[in-house]
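Below: the structure, in structure tokens.
Just so it is clear, the structure is predicted and the values come from calculations on it, not from any experiment.
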Amino acid sequence: MRRKRRNALRLLLAVLVALATCLTGAPAQAAVPDSPGVTYTNPIAEKRADPHIFKHTDGYYYFTATVPEYDRIVLRRATTIQGLKSASETTIWTKHASGVMGAHIWAPEIHFIDGKWYVYFAAGATNDIWAIRMYVLEGTGANPLTATWTEKGQIKTQWESFSLDATTFVVNGVRYLAWAQRDPSVNNNTDVYLARMANPWTITGTPVMLSRPTYSWETVGFKVNEGPAVIQRGGKVFMTYSASATDSNYCLGMLTASASANLLSQASWSKSPTPVFASSAATSQYGPGHNSFTVSEDGKSDILVYHDRSYKDISGDPLNDPNRRTRVQKVYWNADGTPNFGIPVADGVTPQRFSSYNFPDRFIRHYDYRARIEANVTKLADSQFRVVPGLAGSGTVSLESANLPGYYLRHKNFEVWLERNDGSAQFASDATFHRRAGLADSAGVSYESYNYPGRYVRHWEYLLNVQAVSTATDRADATFYAQ
């Protein structure tokens, strides 16, 4: 029955292609994706934790993060996200020699509000380094690296207690502050709170507690919800936050609310029961967390910014380990409108997804190691591949699995499978392709077999094969869009 349905779909597609050709003189074309492929090379910055990247209207990305000395606030800028890696760094503020703001300078964020720059950060005091509170700097000038900065003081909340990780965002014209704080009456570390803002350094009204660490994955080592970050899409507000100790157990949870709801009511928010982003032994990425969001250079892709470590085991207190690195990767969106972060990808070039030209809701993915096209792939990493230099020769490419590094798409008996590179010349040839302009649309991509010229990766009954192409349908089946 399934095969009959598939054949019926293919017949219908062929009829539509033929009809479009008759009417327009050219084969029907799928729409180019709204969010085309974008790649970066990780890490973006070594020894920089709690990263925040802000894309401004002046064409620059501004980057700040916690430095391992915990003693200053630094800024970089570049016209591309990748350019932040080599951009020069400027110290815009240094901790006080005594008193408040004299220790543990943590988690700065930079925002542009009503024509001025604001940096939110946390700091302890020289006489009590754990008296962590939230503070604000205000900068005047077009370029924050050379702006004049003044201290606006502490953000006062309902308690004088451990508080940090302030972030600000606007929904329906209302500016909010979200942060993490310890409730003195509760036996845990920090919860996530939300309040309206009267101005960029002052909250107003009664704060609401949005999330408390109760799940097992939120309470490993410490009972922590911290580092809120907000992304909005489709009338929804998504707030990620970090949970558990800052070692390999660190991970991201997520809260979701309707943008039209009362955000200052806990009942408006739903909480994901499992982490939405966590360590991956397969890619050697541990403790991903304290994220922020930015957008790609063309403004068409959402980008997740976060830190992690490249190893699991830490000697001593994780706060004394300096090797958290800033990393980025693309955010994808599920069919139900929720963000999908996948897994923290391996170091090096970030992966892409490939959607079918003639079945635009279907993506190349591996399932039981067989390559196919499929819709609604919520296990995102199964449908992500790194385009790397070809195993068999220069000027070619190979497609490496995102969640099984060392495994590549290769043809075997002209069927496409995901298999581990065994180091043989045969494997290298079978897993190597020439990247061509899309056979059905030059804005897309087609992959021609390295060792069987004229045969292309194409789908047939949703399974990938390497076949010769001759008809318009063949060319459509062999064309994909990078996303």
inquiry  = One pair to check against side-chain contact (heavy atoms from CB on, under 4.5 Å): Val119 and Ile110. What are the steps and the verdict?
reply    = CA-CA 4 Å; Val119 169; Ile110 183 166; 4.2 Å; yes

key: side-chain hydrogen bond (donor to acceptor under 3.5 Å, both in side chains) between Ser268 and Asn262, worked out   = CA-CA 6 Å; Ser268 297; Asn262 176 13; 5.5 Å; no

query = Does some side-chain heavy atom of Ser355 sit less than 4.5 Å from a side-chain heavy atom of Pro33?
reply = yes

key: Lys271/Glu218 ion pair, N-O < 4.0 Å   = yes

request  = Answer whether the closest heavy-atom distance between the side chains of Phe354 and Ile373 falls below 4.5 Å.
outcome  = no

key: Over 12 non-hydrogen atoms of neighbours within 6.0 angstrom of CG in Asp34   = no

message = Would the distance check show the side chain of Glu138 and the main-chain N or O of Trp201 forming a donor-acceptor pair, the cut-off being under 3.5 Å?
response = no

ask   = Side chain of Ser244, backbone of Trp217: donor and acceptor closer than 3.5 Å?
value = yes

inquiry  = Test side-chain contact (heavy atoms from CB on, under 4.5 Å) on Ser310 and Ser284; report intermediate values, then the result.
reply    = CA-CA 6 Å; Ser310 61; Ser284 299; 5.6 Å; no

Leu84 and Ile53, any side-chain heavy atoms less than 4.5 Å apart = yes

Lys330 and Leu304, any side-chain heavy atoms less than 4.5 Å apart = no

inquiry  = Applying ring pair (Phe, Tyr, Trp, His ring centres under 6.0 Å) to Phe359 and Tyr462, what does each step give before you reach the verdict?
reply    = CA-CA 10 Å; Phe359 291 91; Tyr462 304 134; 5.6 Å; yes

request  = Report the residues that fulfil salt bridge (charged side-chain N to carboxylate O under 4.0 Å, His left out) with Glu151, sequence neighbours left out, ordered by chain and then residue number.
outcome  = none

ask   = Can you list the steps and then say if Ile203 with Ile155 is a side-chain contact (heavy atoms from CB on, under 4.5 Å)?
value = CA-CA 7 Å; Ile203 64 171; Ile155 300 177; 4.2 Å; yes

query = Arg327: what forms a salt bridge (charged side-chain N to carboxylate O under 4.0 Å, His left out) with it, not counting sequence neighbours?
reply = Asp308, Asp347

task = Could you pull out all residues at least two apart from Phe385 that satisfy ring-ring contact (aromatic ring centres under 6.0 Å, His included)?
result = none

key: Lys152, NZ: over 12 other non-hydrogen atoms inside 6.0 angstrom   = yes

query = Out of curiosity, Arg436 CZ to Thr479 OG1, how far, rounded to the nearest 0.5 Å?
reply = 13.5 Å

ask   = Which residues satisfy the side chain to side chain donor-acceptor pair (under 3.5 Å) test with Ser292, sequence neighbours excluded?
value = none

ask   = Who passes ring-ring contact (aromatic ring centres under 6.0 Å, His included) against His56, sequence neighbours left out?
value = Phe54, Phe112, Trp117

request  = Determine, for Asp191 against Arg182, whether the closest basic-nitrogen to carboxylate-oxygen distance falls under 4.0 angstrom.
outcome  = no

task = Return yes when atom CZ of Phe162 has more than 12 non-hydrogen atoms of other residues, nucleotides or ligands closer than 6.0 Å, and no otherwise.
result = yes

task = Only counting residues at least two apart or in another chain, list the ones meeting side chain to side chain donor-acceptor pair (under 3.5 Å) with Tyr250.
result = Glu226

query = Would you call the rings of His111 and His52 parallel, tilted or perpendicular, where under 30° means parallel and over 60° means perpendicular?
reply = tilted

task = Apply side-chain hydrogen bond (donor to acceptor under 3.5 Å, both in side chains) to Asp247 and Tyr286, showing your working.
result = CA-CA 7 Å; Asp247 53 19; Tyr286 298 96; over 6 Å; no

query = With sequence neighbours excluded, what pairs up with Asp302 under the side chain to side chain donor-acceptor pair (under 3.5 Å) test?
reply = Trp333

task = Scan for salt bridge (charged side-chain N to carboxylate O under 4.0 Å, His left out) pairs involving residues 309-321, sequence neighbours excluded, and state none if there are none.
result = Arg309-Asp321

task = List the steps, then state whether side-chain contact (heavy atoms from CB on, under 4.5 Å) holds for His366 with Glu374.
result = CA-CA 9 Å; His366 60 85; Glu374 193 170 296; over 6 Å; no

request  = Indicate yes or no: does Glu160 engage Arg133 in a salt bridge with an N to O separation below 4.0 Å.
outcome  = yes

task = Indicate yes or no for a side-chain donor-acceptor contact from Asn172 to the backbone of Ala259 under 3.5 Å, with no hydrogens or angles considered.
result = yes

key: Mutual orientation of the aromatic rings belonging to Tyr60 and Tyr62 [parallel < 30°, tilted 30-60°, perpendicular > 60°]   = tilted

query = Donor-acceptor pair, Thr64 side chain versus Leu75 backbone, under 3.5 Å?
reply = no

message = Can you tell me if Asp336 has over 12 outside heavy atoms packed within less than 6.0 Å of its CG?
response = yes

task = Report yes or no: does Thr66 contribute a side-chain atom to a donor-acceptor pair with the main-chain N or O of Ala107 at less than 3.5 Å?
result = yes

Any donor-acceptor N/O pair, His307 side chain to Thr326 backbone, under 3.5 Å = no

task = Kindly write out the residues that satisfy ring-ring contact (aromatic ring centres under 6.0 Å, His included) with Tyr306, not counting sequence neighbours, or none if the list is empty.
result = Phe277

Val397 side chain near Val388 side chain, heavy-atom distance below 4.5 Å = no

inquiry  = Any non-hydrogen side-chain atom of Val32 less than 4.5 Å from a side-chain atom of Tyr481?
reply    = yes

ask   = Is there side-chain contact between Trp269 and Val237, with at least one heavy-atom pair below 4.5 Å?
value = yes

message = So if I apply the ring-ring contact (aromatic ring centres under 6.0 Å, His included) rule between Phe121 and each of Trp93, Trp179, Trp106, which one comes out positive?
response = Trp93

message = Does Arg175, at its CZ atom, have more than 12 non-hydrogen atoms belonging to other residues, nucleotides or ligands within less than 6.0 Å?
response = yes

request  = Mind listing the closest non-hydrogen atom pair of Phe293 and Val230 along with its distance?
outcome  = CD1-O, 3.6 Å

request  = Could you give me the CA-CA distance, side-chain angles and deciding distance for Ser280 and Gln285, then say whether side-chain hydrogen bond (donor to acceptor under 3.5 Å, both in side chains) is met?
outcome  = CA-CA 5 Å; Ser280 171; Gln285 307 299 326; over 6 Å; no

message = Quiz question: by atom type and distance under 3.5 Å, do the side chains of Ser161 and Gln181 form a donor-acceptor pair?
response = yes

inquiry  = Suppose we screen for salt bridge (charged side-chain N to carboxylate O under 4.0 Å, His left out). Which residues come up paired with Asp58, at least two apart in sequence or across chains?
reply    = none

Qualifying residues under side chain to side chain donor-acceptor pair (under 3.5 Å), relative to Asn340, sequence neighbours excluded = Asn334

request  = Can you sort out the partners of Arg386 under salt bridge (charged side-chain N to carboxylate O under 4.0 Å, His left out), two or more places apart, ordered by chain and number?
outcome  = Glu400

ask   = Is Arg372 close to Arg365 at the side-chain level, that is, under 4.5 Å between some pair of heavy atoms?
value = yes

note = Note: Ser356 and His459 closest approach over all heavy atoms is OG-NE2, 3.4 Å

task = Apply the side-chain contact (heavy atoms from CB on, under 4.5 Å) test between Val328 and each candidate in Ile303, Thr41, Val345; give the one that qualifies.
result = Ile303

